[in-house]
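In what follows, a single structure is set out as structure tokens and then discussed.
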Amino acid sequence: MRFRSLDDADVKGKRVLVRVDLNVPMQDGEVADVSRIARNAPTITELADRGGTVILISHYGRPKGRDPRESLKPVAAAVAHIIGRPIAFAEDCIGEAAESAVAGLQPGEILCLENTRFHVGEESNDAAFARQLARLGDVYVDDAFSVAHRAHASVEAIAHLLPAYAGRAMQEELQALEKALHAPQRPVAAIVGGAKISTKLDLLGNLLTHVDALIIGGGMANTFLAAQGKGVGKSLCENELKATARDILAEAKSLGKEIVLPVDAVVAPKLAAHVASRVVAVDNVDPADMILDIGPRSIEHVVSVLARTRTLVWNGPFGAFEVEPFDNGTIEVAEAAAELTAAGKLVSIAGGGDTMAALNRAGVTGRFTYVSTAGGAFLEWLEGKSLPGVEVLKFSPLPPPRGDES
Ligand code: 3PG
Ligand code: MG
């Protein structure tokens, strides 16, 4: 796929509107996870160093109108801290407050605008709202893959109004995703975990056409086990989807694809930290027990599949990873994937909110080829859907110079 990157952009002396994703978890007024900010930092500093006037735009949360609890002000302070440079803040993203703040900037300076979702035009991809944003800049840079699934004004409509470029994080993400499914080294395996099949049907369908092996973990594996007639006790299980699970298994078989399901499980009477648990074969789950993680034989099996895989795509943890010790399966497999990657034997690409949290916890994020900070966008991309924020960056003639469009 072809798109313009910062290598193609002339930013010196220009006002550069940079769409970042500052929708980060906050706790007690502080940013609780800076991963997304850290990804955007290189783009921000590069543009400033090249003499651009940098104007950050982002949404935060899902406010209904203006709401001081959803202000970007504390997040802007965290960005300033991470990049080690001052960042000015404008109390609105359009209109007089934004325009005078932008007018006061020198090349190399950085400004963050208030939450775009304080205006209804953002989520409705409103053209007039996009024009008001676009007035503030000469060039548009999108560095927020994690919002690319939203056809919102600061992501989609604005990119039709200004010369649009992918920032460094967006570029890196698109290149990693290309390596994962569009031009991968084979064989390709996917790990799909998480609680429910119902939220991942499109994902499973699309992956079956792309991968050689599909490794199923998490609560959704229980539905597959139940579909094969196994008792899963009190485990999370979507009984109404057993027929669908059987269809998926049949389709995989007809396509000659390998499906990897757990062969043993860590079970306990309830989900609680350090509750007494045991390992049983998946044929022997007691009616009073819940499956909470994959067992050692399953881990070994998954790792043996990875050892003959060249490209891995991973979305969703294996067990109830947020509760110890049921994070063990995810951590062991993550560790093996990280080692194979470090040895140059595997291209490993992972994404999704839970997945990133699990891999951070396993301490392997830096040793994977690429871990996306995107949740919904990563999932929709894995489903084979086209993402509005990516489509709009695809190579096309630059728009003509703007006339007056207030
Ligand atoms: C995310 O955190 O997934 C993105 O920032 C998009 O946010 P949204 O799901 O509220 O649109
Ligand atoms: Mg989301």
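Atoms within each ligand, like the ligands themselves, are counted from 1 in listed order. Not measured: the values here are computed from a predicted model.
- Tyr165 is listed as a side-chain neighbour of Val139, based on a closest heavy-atom distance under 4.5 Å.
- Residue contact annotation: Glu123 has no non-hydrogen atom under 4.0 Å from ligand 1.
- Those atoms of ligand 1 with a heavy atom of Arg117 less than 4.0 angstrom away are 7 (O), 8 (P), 10 (O), 11 (O).
- Using cut-offs of 30° and 60° on the angle between ring planes, the pair Trp381 and His182 is perpendicular.
- Near Arg150, meaning under 4.0 Å from one of its heavy atoms, ligand 1 places the atoms 8 (P), 9 (O), 11 (O).
- The atoms of ligand 1 that sit less than 4.0 Å from any heavy atom of Arg62 are 8 (P), 9 (O), 10 (O).
- Between His149 and ligand 1, no pair of N/O atoms sits closer than 3.5 Å.
- Using a 4.5 Å heavy-atom cutoff, the side chains of Leu177 and Phe378 are in contact.
- Heavy-atom distances between Ser146 and ligand 1 reach below 4.0 Å in at least one pair.
- At a threshold of 4.5 Å between non-hydrogen side-chain atoms, the residues Gln228 and Leu261 count as touching.
- Those atoms of ligand 1 with a heavy atom of Asp21 less than 4.0 angstrom away are 4 (C), 5 (O).
- Side-chain atoms of Tyr60 and Arg117, non-hydrogen and from C-beta on, never get closer than 4.5 Å to each other.
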Salt bridge (Lys or Arg N to Asp or Glu O under 4.0 Å) between Asp202 and Lys385, intermediate numbers included: CA-CA 9 Å; Asp202 291 345; Lys385 297 191 175 132; 3.5 Å; yes
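- The shell of residues lying under 4.0 angstrom from ligand 1, judged by heavy atoms, excludes His152.
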